[in-house]
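Everything below concerns the one structure shown next.
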Protein chains: 2
Amino acid sequence: MPDLSRTPDDTAAVNALRSGVMRLSRRLKHQRVDESLSPTEMSVLGTLARCGSATPGELARKEHVQPPSMTRIVALLESKGLVGLEPHPEDRRQKVVRQTELAEAMLEESRRKRNAWLAELAGRLDEDEWATLRAAAPVLEKLAHM
Amino acid sequence: MPDLSRTPDDTAAVNALRSGVMRLSRRLKHQRVDESLSPTEMSVLGTLARCGSATPGELARKEHVQPPSMTRIVALLESKGLVGLEPHPEDRRQKVVRQTELAEAMLEESRRKRNAWLAELAGRLDEDEWATLRAAAPVLEKLAHM
DNA sequence: GCACTTTCCTTAGCTCAGGTAATGAGTTAA
DNA sequence: TTAACTCATTACCTGAGCTAAGGAAAGTGC
């Protein structure tokens, strides 16, 4: 049972959180740096950049997506030359997905563009608001992984 | 031009923010309280609860959705008895969308259920993390509205 | 060593929520 | 009163997820 002392008026917080996350995610879809890449495809590339390499199943679990969806995503990324597929060294059922240098370059470029978008928005927040958001980012990620 | 002094390593923050928001939004889709209501439909009800009433066009702008999409959303909500449509007092092209008592009751019920889900997750965060998230919620909403 | 089960990836087909383009009705301006 | 514009709508399309079902490889019991 979680700590009940923190729940008194969390109602408002969770409503704001849910609403904000949903709306922001819709806007983020429009801010994609490469028009031909969906947000989840970008997210997979980010995961690969962090983890080095992974099997499709691992990626599906990390992205909270079903295996068939990851199959299609990986196939798309491969057709664009952003990931390579290698046979798994110990299990021939599995594959190893690894990002290419092209993906690395694209991520760098996308980081640059996203910073521009962020600066545009951050400029309209005051210092405290932005500091709050910076602090919250890793917690959001943790929450998304739970 | 936004304040450049805050940009040094915001790269990491914006990446975490983007990734966290996208993943969390995907999980939130699964946590819908009423299986028959999409996240945007819920969001529209929330907006109506805040604003009282609005025209479809206003709702579309607020939710960052195109007018035809809002037409369909409003039609669905009406067919479920969650909103009512009245003629606009001054402009016969427009309509006024207003939530029903049924919607009010459903929102209350959904708040209760969402709190349960939140408590489950909050119980796994430490106090500081949760405080950070609470503080960030309104900023996220503001960001989503910018 | 051979069937049985499980696991991983894939294929096929579906759904749902969004978008664009085009239409119709109502309003405003010339 | 005609022209241009705005709001909502209709029709159609797309994109990204899902489930169900399969095929290949690995593990398990006899």
Side-chain angles (χ1 to χ4, degrees), chain A residues 19 21-32 34-45 53-80 83-98 144, chain B residues 21-32 34-45 53-80 82-98 144:
Chain A
S19 165
V21 165
M22 290 310 302
R23 289 202 184 122
L24 196 54
S25 78
R26 199 174 311 127
R27 300 203 59 190
L28 273 168
K29 283 183 187 175
H30 293 289
Q31 286 302 331
R32 59 179 66 166
D34 182 332
E35 281 305 316
S36 66
L37 240 51
S38 80
T40 304
E41 287 168 336
M42 284 300 297
S43 187
V44 167
L45 288 183
S53 66
T55 68
E58 286 167 352
L59 286 174
R61 281 187 292 277
K62 281 180 181 161
E63 301 291 328
H64 293 103
V65 153
Q66 293 303 308
S69 304
M70 191 49 68
T71 293
R72 192 163 28 76
I73 290 167
V74 167
L76 273 168
L77 289 175
E78 196 202 8
S79 76
K80 287 166 187 163
V83 304
L85 289 170
E86 305 162 9
H88 194 283
E90 294 155 12
D91 185 339
R92 281 187 294 169
R93 290 171 304 180
Q94 302 185 52
K95 295 177 178 176
V96 174
V97 186
R98 196 180 300 278
Chain B
V21 165
M22 289 310 301
R23 288 200 185 125
L24 196 55
S25 78
R26 199 175 311 128
R27 302 201 58 189
L28 273 168
K29 282 183 187 175
H30 294 289
Q31 286 301 330
R32 60 179 64 168
D34 182 334
E35 281 303 318
S36 65
L37 241 52
S38 81
T40 305
E41 287 167 337
M42 284 300 299
S43 187
V44 167
L45 288 183
S53 67
T55 68
E58 286 166 353
L59 286 173
R61 281 188 291 276
K62 280 180 182 162
E63 301 291 329
H64 293 104
V65 154
Q66 293 302 307
S69 304
M70 190 50 68
T71 293
R72 192 164 26 75
I73 290 167
V74 167
L76 273 168
L77 290 175
E78 196 202 7
S79 76
K80 288 166 186 163
L82 295 169
V83 303
L85 289 170
E86 304 162 10
H88 193 284
E90 295 156 11
D91 186 339
R92 282 188 294 171
R93 290 170 306 179
Q94 301 185 53
K95 294 175 180 177
V96 175
V97 187
R98 195 180 302 277

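In what follows, every chain begins at residue 1, and chains take the letters A, B, ... in the order their sequences are listed. These values consider heavy atoms only, across backbone and side chains, with no hydrogens, waters or symmetry-generated copies.
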Query raised in the report: Rounded to whole angstroms, how far apart are CE on Met42(A) and C1' on dG15(D)?
Result: 17 Å

Query raised in the report: What is the distance, rounded to the nearest whole Å, between atom CD of Gln66(A) and atom P of dT11(C)?
Result: 17 Å

Query raised in the report: Between Gln94(B) (CD) and dT9(D) (P), how many Å, whole number?
Result: 11 Å

**Report entry** side-chain hydrogen bond (donor to acceptor under 3.5 Å, both in side chains) against Arg98(A), all qualifying residues, sequence neighbours excluded
**Finding:** Glu86(A)

Query raised in the report: Does a side-chain N or O from Ser38(A) land closer than 4.0 Å to OP1 or OP2 of dA16(D), or not?
Result: yes

Query raised in the report: Once you round it to whole Å, what is the distance between P of dA17(C) and CD of Glu63(B)?
Result: 14 Å

Requested in this report: Tell me which of Thr71(A) and Pro67(B) sits closer to the 5' end of DNA chain C, going by the nucleotide each one is nearest to.
Outcome: Thr71(A)

Query raised in the report: Counting only side-chain N and O atoms of Thr55(A), is one of them less than 4.0 Å from OP1 or OP2 of dC9(C)?
Result: yes

Requested in this report: By nearest nucleotide on DNA chain D, pick out whichever of Ser69(A) and Glu58(B) is the more 5' one.
Outcome: Glu58(B)

Query raised in the report: Is it the case that Glu63(A) and Ser43(A) place a side-chain donor and acceptor less than 3.5 Å from each other?
Result: yes

Requested in this report: Just call it for Pro56(B): base, sugar-phosphate, or nothing, with non-hydrogen atoms closer than 4.0 Å on any strand.
Outcome: sugar-phosphate

**Report entry** Glu86(A) CD - dC9(C) P separation (whole Å)
**Finding:** 14 Å

Query raised in the report: Taking only N and O in the side chain of Thr40(A), is any of them less than 4.0 Å away from OP1 or OP2 of dG17(D)?
Result: yes

Requested in this report: Starting at CG of Leu77(A), measure out to CE of Met42(A) and round the result to the nearest 0.5 Å.
Outcome: 10.0 Å

Report task. Could you give me the CA-CA distance, side-chain angles and deciding distance for Val83(A) and Val44(A), then say whether side-chain contact (heavy atoms from CB on, under 4.5 Å) is met? Result -> CA-CA 10 Å; Val83(A) 304; Val44(A) 167; 5.8 Å; no

Requested in this report: Output, in order, the C-alpha distance, side-chain angles, deciding distance and verdict of side-chain contact (heavy atoms from CB on, under 4.5 Å) for Leu37(B) and Leu45(B).
Outcome: CA-CA 10 Å; Leu37(B) 241 52; Leu45(B) 288 183; 4.0 Å; yes

Query raised in the report: Considering only side-chain heavy atoms of Arg72(B), which listed nucleotide, dA17(C), dT9(D), dC18(D), is closest?
Result: dA17(C)

Report summary line: In whole angstroms, the gap separating C1' of dC9(C) from CD1 of Ile73(A) amounts to 14 Å

Report task. Apply side-chain contact (heavy atoms from CB on, under 4.5 Å) to Glu58(B) and Val97(B), showing your working. Result -> CA-CA 10 Å; Glu58(B) 286 166 353; Val97(B) 187; over 6 Å; no

Query raised in the report: Rounded to the Å, how far apart are Met70(B) CE and dT10(D) C1'?
Result: 17 Å

Query raised in the report: Taking the side chain of Val65(A) as its heavy atoms from C-beta onward, which of dG17(D), dG19(C), dC8(C) lies nearest to it?
Result: dG17(D)

Report summary line: When rounded to whole Å, the NE2 to P distance for the pair His88(A) and dT10(C) reads 13 Å

Query - Footprint string (nucleotides 22-30 of chain C, 5' to 3'): B base within contact, S backbone only, - free, heavy atoms under 4.0 Å - result: ---BBS---

Requested in this report: Please examine the side chains of Ile73(A) and Ser38(A), heavy atoms only from C-beta on, and report whether any two atoms are closer than 4.5 Å.
Outcome: no

